[in-house]
A.B. asks: 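Encoded as structure tokens, here's the structure I'll be asking about.
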Amino acid sequence: MSKTTAAEDNRTEKRCEELDLKRANREAVASQFSPHGLRIFTSDEFGQLTDDYRHDNFLGETQFAKLYRGKMETCAVAVKIFTDSDSDSDSTTTKDKHSRYKDEIQLLTDPRIEGCPRSLAKLIGCCPECLGVVYDANPRDTLDNLIVSDNFTWLQRMKVALQLAHLLVFFHDYDPPFILCKLDAAQIMVDQDYDLVLFDFGMLVGGPFYNLISRAIPNGKIHERLGYRNLELIKFDNAEIPNGKINEHLGYVDLELLKFENFVTLWAKKECREKIPWTDRERNALNAHEIFKEDPDYDVHDANKIMKLAMNCIELLPKDRPTMKEMLEFLQALRVVLLNGMGDTGKTEVFEILPSQLREITGAFSFDNLLGGTQFGKLYRGRMSHGANQNEARAVTVKIWDDSICDSAYQMEKWSKLIEEVYFLQHPSVNRHQLSLAKPIGYCRTNELLGIVYDLNPRDSLHNLILKDDFTWVQRTRVALKLAHLLVFFHHYDSPFIVRNISAAHFLVDQDYNPVLVDLGMLVGGFFGTSNSPNGKLHGAPGYIDLHYLTVGAWSITCDVFSYGVLLLNLFSKSVVDISKQETCAARWGKLRCKEKIHWLSNDINFSRVKEIFKNDPDFSYFDAYKIMKLALNCIVYVPEDRPTIKQIYESLQALYVVQRTGMGEPRKSVLREFLPSQLREFTRGYHIENFLGNTQFAKLYRARISDDADRIHVVTVKIWDETLCGQAEPLDQWSKMMDEVHLLRHHSVNGHQQNFAKPIGYSHNCERPGVVYDLNPRDTLAKEILKDNFKWLQRIKVALQLARLLFFFHNYDPPYILRNISADHILIDKDYNPVLFDFGMMIGGLFGNARDVPEQQVYGVRGYWDLSFWLDGLWSVKRDVFSFGVVLLSLFSKRVFDPTRPQKKCLLQWAKKKFQEEMTKEEINKVFRHVHKNFKKDPGYTRDDGLRVARLALECVEYDIHIRPRTQVVLHRLMDLDAVMRFGREFSNSTSA
């Protein structure tokens, strides 16, 4: 008996110890979270909130908790009690309810989670004893219960779907992202205003804040609620929860909002191993129509879009699912969202217009008001009154969808396209491009008529204006530049927008000759995604369709470039695409040229036509016409990789003479002066030999003197293109190269290197010998300075360092510039021994693209500086510039230069040729070093170590094997590590003499 009593006493004592330990743990938890302003409840107080968990207050149960309605004093609240999940029995592999309780409090009280959507539950209290929490929410019910309710309207369901998408975007925007891993309707409550509140985080992983949230979910131990499981995870038995896998859960919730809870199970049984056919989507949209057709806010087009979205979310392969941001943008384009101000564009002023009002605005769609047809409809002028006073009517444009024009498959989508267009045109990201995009002010949507009204007073369609004689050269150039700028905006997105149906008929021109795009019917990409056109028969606007696309069937931004090239040809040759003809100009060109490069003859023929049309226009420029025709033909080459990017096209147009002169491009700090050929002769004293500085690859350099407005004399540099140096280059091509250089030297991207770029102040508009005037008072060319004994060591180091910085700037650009003709003759030295670049006649990449034409004998660069290994493959790369820079380094520190008049004389190139045949040895380096040391050992700042480093660097730059040569960044760093730079670096960075 005594033994039994003793055993009971021991058990009682252990139970008391366990209770004390639990109590201590709960007090510790309470003390930990009390600083967050949470009210700490006892178990009795917690029970009173729900009337001792009365069944009437029970809302539902999730995988890890139970939810109740509650009342705290006079306020309605929601109460959650954490429970054990089925898998919590294995405590060695899963988090128990204590950990989930602690994690949730830490998450919802962390100040770094501030700025979250209101859809995230707000915590106001907790009970450590009961492991329960209190939310500041007045719940109507859980979403799981509301979904099957008939009084849960279409508008309310859309509100819930949109808020849920906002919340998931918020979670996924963190780095690393939060991933719920488990999302179903049972863990979402809906308050009295039909705002959703997410309250269950039992399987949350990820996030950047703390490790305890980044828990691993043991494989096979915890899955999502049945019916919401990611089939791809189950099929491949993955232990990790990668980013983006939660997206299909939103698809399930969307389907349930449409009362398709059984459809998900059926889909899961099939395992959906292929793309969901359109017939399935249409069938389920029809089911939704039967359920909600009596709802006043229901729209069949919205239902169709939601079904597409939901079924795209639950694709078996994660890569086929849209991102959360794409889904949010998709939902925001719904009609019900736009009309009720639920999205980001809630302040819209777009209103619904009756068919009778549209007829009144357009004069019953009179022929006199017809502007033209688009791919899917017709455009009309109209007048719309501001109010009661009809005299205050404003001019507008009306677009009507025409079923007789629309493809039959497109007719099913036209209402969705209208809403998407309204949404896109009101999106905040397009506000600054409003001048080139139509502004919607109203729309009409009935079975009888579908149309949209734009706040636009059109002069005419671009298609009609192109043929008119009073559409001048300046106005056409303005249109081309504006269109290129608009396409730069479309293509700059990470997932670029592709217009796909660029056509002169799809642009209107306003009273100020600004082009305005009014047809976005085939726009894809950006926040619309890539599945915006179900019909494979829509290939673009006839006459503007990319010939390569017709072969491969794949859309890309190069398709827009092709269409833009056709538009350029039409714009400046006063011709338009005639759809009634079997062949268009582009199609005929494609059959003739196909996969070849465009022959110069093609450009000359088109140029001759343009010259004949515009020769009497006072603003017409032969040089601009020549460049535009080259640009247009480069846009429509068959191989997409050979076409310029739209950004390169825009930069090329900005370099046009008419753009520079009229200020149509980017704002400039100064206005270029135009000089007569006679003035250039006067400035240089008839190109006197005393003012001659030297020859470049394409031009002659002269010192000159000009006077300013105050009659003060300034020393400048004049460069004159010389046909005897330009080889087979056409005079018009000389002008084109000059304007390219002027554009580069005035571009904002070179602002950080202004002291090393010649600053143009004017040019001569001369067909035979174009010239440019630079604001530069030079000592001489680098080729001549190198031979002078007063050009000291520190001054040469300064020149080498600044040239390396310039080369690094060029090669670090995206895409990189390649100069291709680096030479000591192409570098001037100013009074402060700063090297100044002024010749870019062979430069490619960057703003210029890769399609600049150079005469055959000059394609290798400057004689004496060209890379010998170029003959092996004929391919240009930044390492070719490194070779030429190495030759300049050898020249600088050996006091030798290549003499083109005595090419057989032993020179630097022959010196390099000898060592090309074998590996660079220590003896060769010492040979070069001895030469350097002999020349500069008495110069201030020279050290033996610097001489050896420079010699080694120069020889490494001219290595025959291109892969052994150092990168430009390495060259720059090694020069910056020189003792002279470390000691006298400030002098090198200033504009004072070294």
Side-chain angles (χ1 to χ4, degrees), residues 57-63 65-69 78 80 119-121 135 137-168 180 182-200 224-230 246-268 281 283-300 302-314 327 330-331 334 336-337 340 342:
N57 289 326
F58 180 69
L59 287 170
E61 185 173 4
T62 70
Q63 194 169 1
K66 293 181 179 180
L67 186 69
Y68 294 86
R69 289 186 182 88
K80 183 172 75 173
S119 302
L120 201 61
Y135 300 116
N138 182 9
R140 180 179 293 273
D141 210 332
T142 65
L143 183 59
D144 198 45
N145 295 332
L146 275 177
I147 278 175
V148 296
S149 173
D150 291 334
N151 59 3
F152 192 22
T153 68
W154 179 262
L155 181 62
Q156 294 159 354
R157 291 168 190 261
M158 294 303 101
K159 183 177 182 180
V160 167
L162 188 65
Q163 289 183 358
L164 184 55
H166 266 294
L167 181 61
L168 291 179
L180 291 174
K182 171 184 178 292
L183 175 63
D184 64 61
Q187 67 188 89
I188 299 169
M189 57 180 161
V190 179
D191 68 13
Q192 299 299 320
D193 297 322
Y194 289 96
D195 292 315
L196 73 86
V197 180
L198 181 66
F199 65 88
D200 191 288
E224 304 93 317
R225 178 187 171 196
L226 183 62
Y228 290 81
R229 295 182 183 176
N230 186 329
I246 194 66
N247 291 12
E248 88 284 0
H249 296 304
L250 180 61
Y252 294 165
V253 174
D254 277 351
L255 287 170
E256 285 203 342
L257 286 169
L258 295 178
K259 299 188 178 182
F260 281 112
E261 61 273 16
N262 293 330
F263 171 76
V264 180
T265 306
L266 292 174
W267 174 84
R281 295 173 179 175
R283 182 176 62 251
N284 289 292
L286 289 175
N287 292 339
H289 178 69
E290 287 299 317
I291 296 170
F292 294 102
K293 62 182 179 181
E294 302 298 332
D295 192 304
D297 293 298
Y298 169 74
D299 184 90
V300 65
D302 281 356
N304 199 17
K305 290 185 67 174
I306 293 170
M307 182 56 57
K308 287 171 56 179
L309 173 67
M311 298 187 77
N312 285 335
C313 290
I314 60 177
M327 284 187 272
F330 203 93
L331 289 171
L334 295 175
V336 68
V337 175
N340 292 277
M342 291 190 290

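Heavy-atom basis, side chains included; hydrogens, waters and symmetry copies ignored.
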A.B. asks: If you round to the nearest 0.5 Å, how far is CG of Asn151 from CD of Gln156?
C.D. replies: 7.5 Å
A.B. asks: When rounded to the nearest 0.5 angstrom, what distance separates CD1 in Ile188 from CD1 in Ile147?
C.D. replies: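 That separation rounds to 8.0 Å.
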A.B. asks: Distance only, no hydrogens: is a donor on one side chain within 3.5 Å (strictly under) of an acceptor on the other, for Asp295 and Thr153?
C.D. replies: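 Their side chains do not contain a donor-acceptor pair, so the 3.5 Å distance test is not met.
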A.B. asks: Rounded to the nearest 0.5 Å, how far does NZ of Lys159 lie from CG of Leu164?
C.D. replies: 14.0 Å
A.B. asks: As a quick check of understanding, evaluate side chain to side chain contact (heavy atoms under 4.5 Å, CB included) for Met327 and Cys313, giving each step before the final call.
C.D. replies: CA-CA 9 Å; Met327 284 187 272; Cys313 290; 2.9 Å; yes
A.B. asks: Say whether, by atom type as modelled, one donor and one acceptor occur between the side chain of Gln163 and the main chain of Leu196 under 3.5 angstrom.
C.D. replies: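 Such a contact is found between Gln163 side chain and Leu196 backbone.
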A.B. asks: After noting the C-alpha distance and the side-chain angles of Arg157 and Val160, does the key distance pass the side chain to side chain contact (heavy atoms under 4.5 Å, CB included) rule?
C.D. replies: CA-CA 5 Å; Arg157 291 168 190 261; Val160 167; 5.7 Å; no
A.B. asks: Begin from the C-alpha positions of Val190 and Asp141 and carry the test side chain to side chain contact (heavy atoms under 4.5 Å, CB included) through to its verdict.
C.D. replies: CA-CA 6 Å; Val190 179; Asp141 210 332; over 6 Å; no
A.B. asks: When rounded to the nearest 0.5 angstrom, what is the spacing between CG in Asp184 and OG1 in Thr142?
C.D. replies: 9.5 Å
A.B. asks: Report the relative orientation of the aromatic rings in Tyr298 and Phe292; use parallel for angles under 30°, tilted for 30 to 60°, perpendicular for over 60°.
C.D. replies: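 Ring orientation of Tyr298 relative to Phe292: parallel.
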A.B. asks: When rounded to the nearest 0.5 angstrom, what is the spacing between CG in Leu198 and CG in Leu168?
C.D. replies: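 Result: 8.0 Å between the selected atoms.
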A.B. asks: Please find the pair of heavy atoms, one from Asp200 and one from Lys80, that lie closest to each other, and give the distance.
C.D. replies: CA-NZ, 3.9 Å
A.B. asks: Would you name the heavy atoms of Leu331 and Ala161 that are closest together and state the gap between them?
C.D. replies: CD1-O, 3.7 Å
A.B. asks: What pair of heavy atoms forms the shortest contact from Leu67 to Met189, and how long is it?
C.D. replies: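 That would be CD2-SD, 4.1 Å.
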A.B. asks: Checking Tyr68 now: which residues fulfil ring-ring contact (aromatic ring centres under 6.0 Å, His included) with it, not counting sequence neighbours?
C.D. replies: Tyr53, Phe58
A.B. asks: How many angstroms lie between NZ in Lys66 and CG in Asn57, if you round to the nearest 0.5 Å?
C.D. replies: 14.0 Å
A.B. asks: Look only at the side chain of Asp191 and the backbone of Pro139, and say whether a donor-acceptor pair between them is shorter than 3.5 Å.
C.D. replies: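 No.
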A.B. asks: For Phe152 versus Leu143, what's the shortest heavy-atom pair and its separation?
C.D. replies: CE2-CD1, 3.9 Å
